[in-house]
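We use all heavy atoms of the structure for the numbers below, so side chains are in, but hydrogens, waters and symmetry mates are not. All chains are named by letter (A, B, ...) in the order of the sequence lines, taking the proteins before the strands, and each is independently numbered beginning at 1. All of these numbers come straight from a predicted model, not from anything done at the bench.
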Amino acid sequence: MPELSNRFDFKTVDDKWSTYWERENLFHARPDPKKKPYTIVIPPPNVTGILHMGHALNNTLQDIIIRYKRMNGYETLWMPGTDHAGIATQNVVEKQLALEGKNRHELGREAFVARLWDWKKQYGDTIIHQLKKLGASCDWQRARFTMDEPYSAAVKQVFVRLYRKGLVYRGEYIINWCPRCHTALSDEEAEHRDIQGSLYHIRYPFKDDPDRYVTVATTRPETMLGDTAVAVNPKDKRYKNLIGKTLLLPLMNREIRIISDEFVDPKFGTGAVKVTPAHDPNDFEMGKRHNLEFVNIMHPDARLNEQAGDYEGMDRLEAREAIVETLKEAKLLEKTEPHVHAVGHCYRCHTIVEPYLSKQWFVKMKPLAEPALRAVKSGKIRFYPKRWTKVYMNWMENIRDWCISRQIWWGHRIPVWYCIGDGHCTMHCKEPIVSETVPEKCPHCGSANLRQDEDVLDTWFSSWLWPFATLGWPQKSEDLAYFYPTSSLFTAPEIIFFWVARMIMAGYEFMGDLPFSDVYIHGTVRDTKGRKMSKSLGNAIDPLEIIEEYGADALRFSLIINSGQDIFISKEKFEVGRNFANKMWNASRLILMNTAAVDPSFDLAAAAKTKDLDLPSLWILSRFHATLGKVGAAIEKYQYSEAESLIYDFFWANFCDWYLEIIKDRWSDPVTQNIAFTLLEQSLKMIHPFMPFVTEEIWSQCHAGAGSISRKPWPAGHKQLVNKKAEERMQTLISLISSIRNLRSHWNVKPNEKIQCHLSSKSKDQLSLLQDNETLLKNLMRADLLTIDGRAAETKNSAATIVEDIKAVVPLSGLIDVGRERDRMLGQIEEQKRATKGLDSRLKNREFIKKAPKDIIEKEKERLKSIHEKIRELEQIVSSLEQ
RNA sequence: GGGCACAUAGCUCAGUUGGUUAGAGCGCUGCCCUCACAUGGCAGAGGUCGAAGGUUCGAAUCCUUCUGUGCCCACCA
């Protein structure tokens with residue numbers, strides 16, 4: 001046996017095994033008709049990214065179940081890959097360009113996209129390498145990217161199919177516009193945050209009577225430059241007579257009419273609303289209803305345009321101040337009140353988005369939502385925890401059309417061409433040519449002068465195909481037939497709308513089947529103050545740093561065991577995992593040092609049946625098999641932190657603290673060796689999904705050359721080895737030992753001092769247990785320092801006797817503060833007496849006797865009896881102290 | 001404005017369908033470097049289970065209301 005360090009050396013071990021796993025291609029999955037498939041597609045991380053705690057958590061969860069299923073005989077495919085992440089990645093590269101003093105327009109589209117591919121090549125796999133460091137057992141050979149050639153083909157086909165079905169359309173609507181990213185966003189990509197703003201009350205004078213006016217209230221005064229009406233509620237008496245009158249829009253001197261519309265809430269503000277059809281979704285609708293003029297006052301970068309008169313060239317917020325100032329001077333600003341309202345922000349750059357009128361491509365969602373809604377309602381697709389079902393349903397039931405075109409360059413170019421024509425263009429040519437392949441000429445006029453749509457598709461328009469496009473769709477493949485539908489999906493709550501819901505819709509629309517049956521929604525990783533981890537807050541803990549400092553197993557284990565709904569984490573929290581890995585390491589060192597004579601064919605289950613095993617062996621076998629069963633059940637129910645607690649408790653509190661201590665003087669016994677070794681080995685398997693590195697390393701020391709533990713079967717559960725009786729007896733023994741230790745500690749008996757106890761015990765059973773296990777006890781109590789007197793059976797009161805015996809062995813003076821001890825005891829007596837009161841009255845309660853289950857009543861009675869006994873005992877101690 | 005969740009020890013969380021004395025880890029206190037492990041061992045202190053009502057023989061657990069916190073959704077400008 002080589003010298004092994006008393007510290008688990010994760011630094012060399014982690015790398016050794018992740019390299020080994022990959023080199024041996026251990027996690028490659030292929031269709032195997034003899035086995036059941038278990039498939040997970042990874043939520044593809046963005047190619048911008050480096051691993052953060054959210055990834056670490058997300059992928060640890062997936063790896064646990066994948067490794068567990070693999071050991072349970074499934075053909076497991078964990079499909080890895082990355083997402084091109086349109087806007088996010090483009091932003092990163094644009095920032096890089098800015099550092100060089102350039103921008104994308106100078107570079108031109110082609111060169112810019114080439115640059116993005118360079119970026120992808122250089123940094124795209126960073127996160128994949130980091131996932132390997134985490135121990136993720138993906139089928140790396142299959143790694144996909146959302147802009148791979150075959151994947152792009154799938155995206156194009158989907159667009160064309162939806163267009164032909166009438167589910168993709170182009171139109172001019174108010175969309176969320178990010179003035180910094182220069183692109184449209186979907187409703188989901190605009191994050192609403194409460195902002196402390198102001199409600200400005202502005203006077204709009206009548207054209208005919210400039211001294212009279214209507215006051216409107218707005219949070220965005222700059223948009224008044226685009227006003228083309230003022231609206232009031234038709235039922236509002238205040239304004240009834242004014243409907244149809246003409247006002248003079250201040251600053252612009254444009255004539256605008258007062259219109260009436262049900263939309264207006266008379267209770268809000270002044271009850272009169274300025275209508276800006278080109279800059280507000282509600283006003284847009286009103287504009288259409290009333291045939292108003294749509295005046296767009298903004299450039300795409302949110303500077304005001306030529307429609308803004310004097311304010312042309314100003315930024316929207318700058319203009320707001322200027323306009324308010326001017327209105328104030330003109331005495332047209334009635335008042336300004338503070339007002340909190342939700343303002344949309346770009347989910348990528350956090351700039352305030354602008355409701356902006358523009359021509360975009362949309363997906364009609366209602367028809368797609370129907371089967372997706374049914375799948376969840378019927379329970380075919382289940383959310384864990386269940387409550388997310390409601391969130392999903394609610395969104396789906398109120399689904400709105402999806403704006404899918406983006407005015408950026410990084411992404412799937414929209415497969416649409418427009419005919420520029422050759423000068424003799426007909427009306428037909430206004431229809432776009434939607435095609436999977438590049439069309440050579442216009443099908444209407446034959447012109448070859450075609451221009452492709454400049455826009456690209458929303459990143460999520462490719463992500464929503466992930467569960468089947470990664471398996472080869474639209475080609476019919478063996479993989480697709482075998483691995484689809486996938487089994488489970490793991491993601492964060494904020495991704496439900498972006499991705500989960502849309503994958504379900506796409507699954508039904510294009511595969512005619514659900515994409516996965518279980519959706520596990522995990523919490524967000526936060527700091528201990530409950531704030532989201534982010535670079536800008538400076539509270540982020542870098543998982544790679546944790547891997548360096550504590551090891552990947554520690555990162556994984558600690559993250560999971562600390563996970564409630566959300567995970568509040570600080571650096572010290574990772575010590576649990578590190579310490580546990582180290583404990584496993586040292587326990588196995590002890591076992592490996594002492595099990596030279598292990599019989600490789602030893603069958604634990606058989607031995608338990610035929611051999612006459614002692615109590616500690618029966619007990620530890622029972623504990624192991626009880627734990628094993630519960631761990632498996634917990635994993636199946638996605639209760640990971642529960643599973644880890646069970647493992648931690650078994651391995652540390654049972655196996656190490658008691659079993660290994662008890663057998664310390666019996667290593668020469670071959671049965672003991674075999675039990676210890678086998679239990680270690682099976683524990684390793686049970687722990688492997690959670691801590692792959694340390695278990696693989698120890699496994700390799702147990703079985704040199706026997707192959708990776710990751711491909712070994714999960715330990716067979718033997719229910720018959722779960723032995724309630726042995727557990728109870730051992731528990732009694734443990735509590736007796738603990739109380740003796742308690743006394744030693746309490747009376748401050750030094751380790752080298754002898755304690756002689758007359759242990760009287762209430763039941764003969766306990767006493768015989770003690771006598772049967774005297775050697776064991778001595779061993780645990782530091783050999784020879786405890787003697788158990790056979791007279792114990794005659795002694796009536798244990799605690800008092802112990803006091804007396806301690807008095808005999810250790811000089812009492814200086815050890816016991818008699819007065820204080822007496823008070824303490826008296827306090828305890830009071831406490832116990834109080835406890836009897838409740839019990840007494842309950843047992844005298846006729847209702848209780850009548851209605852409560854019998855066993856409960858019996859137990860209560862026994863309890864009362866034992867409390868009375870305890871009181872008597874305590875009283876004796878007090879009297880012995882008083883002597 | 002609507003919805004969801006949470007509130008248990010100083011901190012982070014368990015607590016299954018109501019049923020003995022509400023658990024664990026970290027932290028804290030005391031004693032131990034004992035030949036696997038001080039990233040360790042043993043022992044201990046610490047909780048009127050957010051508040052008030054109600055149902056019940058019995059409530060941390062079920063119901064109602066309230067307070068506080070977090071998250072999501074929403075076109076009241």
Using a cut-off of under 3.5 Å, enumerate the N/O to N/O pairs linking the protein to nucleotides 74-77 of chain B.
{"residue": "B:A74", "atom": "OP1", "partner": "A:Arg400", "partner atom": "NH2", "Å": "3.0"}
{"residue": "B:C75", "atom": "OP1", "partner": "A:Arg400", "partner atom": "NH1", "Å": "3.1"}
{"residue": "B:C75", "atom": "O2'", "partner": "A:Asn282", "partner atom": "ND2", "Å": "2.8"}
{"residue": "B:C75", "atom": "N1", "partner": "A:Asn282", "partner atom": "OD1", "Å": "3.2"}
{"residue": "B:C75", "atom": "O2", "partner": "A:Asn282", "partner atom": "OD1", "Å": "3.0"}
{"residue": "B:C76", "atom": "O2", "partner": "A:Asp265", "partner atom": "OD2", "Å": "2.3"}
{"residue": "B:C76", "atom": "N3", "partner": "A:Asp265", "partner atom": "OD2", "Å": "2.9"}
{"residue": "B:A77", "atom": "N6", "partner": "A:Asp265", "partner atom": "O", "Å": "2.8"}
{"residue": "B:A77", "atom": "N6", "partner": "A:Phe268", "partner atom": "O", "Å": "3.0"}
{"residue": "B:A77", "atom": "N1", "partner": "A:Asp265", "partner atom": "N", "Å": "3.3"}

CG on A:Leu292 to CZ on A:Phe284, rounded to 0.5 Å: 11.5 Å
A:Phe693/A:Phe10 aromatic ring centres below 6.0 Å: no
Nearest-Å distance for atom pair CZ/P, residues A:Arg193 and B:G70: 16 Å
Contact check, side chains of A:Val230 and A:Ile256, non-hydrogen atoms, under 4.5 Å: yes
Whole angstrom value for the distance that separates P of B:C37 from CG of A:Asp9: 17 Å
Short side-chain N/O contact from A:Asn586 to OP1 or OP2 of B:G40, under 4.0 Å: no
Whole-Å P distance, B:G54 and B:U61: 14 Å
Protein-nucleotide distance (A:Tyr648, atom OH; B:A14, atom C1'), rounded to Å: 15 Å
Test item: side-chain donor near acceptor, A:Asp187 and A:Asn176, under 3.5 Å: yes
Residues A:Arg220, A:Asp280: salt bridge by 4.0 Å N-O rule: yes
Separation between the P atoms of B:C71 and B:G40, rounded to whole Å: 35 Å
Check: A:His522 ring centroid to A:Phe383 ring centroid under 6.0 Å: no
Short side-chain N/O contact from A:Lys583 to OP1 or OP2 of B:C37, under 4.0 Å: no
C1' atoms of B:G30 and B:A45, separation to the nearest Å: 10 Å
Between OG1 on residue A:Thr595 and CH2 on residue A:Trp667, distance to nearest 0.5 Å: 6.5 Å
Residues A:Thr223 and A:Lys274: side-chain donor-acceptor under 3.5 angstrom: yes
Interatomic distance where CD1 belongs to A:Ile591 and C1' belongs to B:C37 [whole Å]: 12 Å
Presence of A:Arg387 side-chain N/O under 4.0 Å of B:C4 phosphate oxygens OP1/OP2: no
Pairwise C1' distance, B:C72 and B:A38 [rounded to whole Å]: 47 Å
Value in whole Å for how far the P atom of B:A36 lies from CG of A:Asp657: 15 Å
Rounded interatomic separation in angstrom, taking CD1 from A:Ile561 and P from B:U12: 17 Å
Under 3.5 Å donor-acceptor pair, A:Glu661 side-chain atoms to B:A36 base atoms: yes
Residue pair A:His290 / A:Asp261, side-chain donor-acceptor N/O under 3.5 Å: yes
Closest-nucleotide ordering on RNA chain B, the 5'-leading residue of A:Pro493 and A:Lys390: A:Lys390
Rounded distance (Å) that lies between atom P of B:A36 and atom CD1 of A:Ile663: 12 Å
Donor-acceptor side-chain pairing of A:Glu191 and A:Tyr347 below 3.5 angstrom: no
Distance between C1' atoms of B:U17 and B:C11 (Å, rounded): 31 Å
Any A:Trp652 side-chain N or O less than 4.0 Å from OP1/OP2 of B:G41: yes
Any donor-acceptor N or O pair under 3.5 Å, side chains A:Glu642, A:Ser645: no
Side chain to side chain donor-acceptor pair (under 3.5 Å), paired with A:Arg316, selected from A:His279, A:Glu354, A:Glu222: A:Glu354
Using a cut-off of under 3.5 Å, enumerate the N/O to N/O pairs linking the protein to nucleotides 57-60 of chain B.
{"residue": "B:C57", "atom": "OP1", "partner": "A:Lys851", "partner atom": "NZ", "Å": "2.1"}
{"residue": "B:C57", "atom": "O2'", "partner": "A:Asn845", "partner atom": "ND2", "Å": "3.4"}

Whole-Å distance separating the CZ atom of A:Phe498 from the P atom of B:C72: 11 Å
Same-atom distance (C1') from B:U48 to B:U12, integer angstrom: 23 Å
Shortest side-chain distance from A:Arg578, nucleotide among B:U39, B:G3, B:C73: B:U39
Distance flag, aromatic centroids of A:Tyr520 and A:Tyr384, threshold under 6.0 Å: no
Under 4.0 angstrom between A:Asn6 side-chain N/O and B:A38 OP1 or OP2: yes
B:G47 to B:C4 separation - P atoms, rounded to the nearest Å: 35 Å
Paired and unpaired positions of RNA chain B as dot-bracket, Watson-Crick or G-U wobble under 3.5 Å, | denoting a partner strand: (((((((..((((.....[...)))).(((((.......))))).....(((((..]....))))))))))))....
Span that lies between the C1' atom of B:A7 and that of B:A51, in whole angstrom: 11 Å
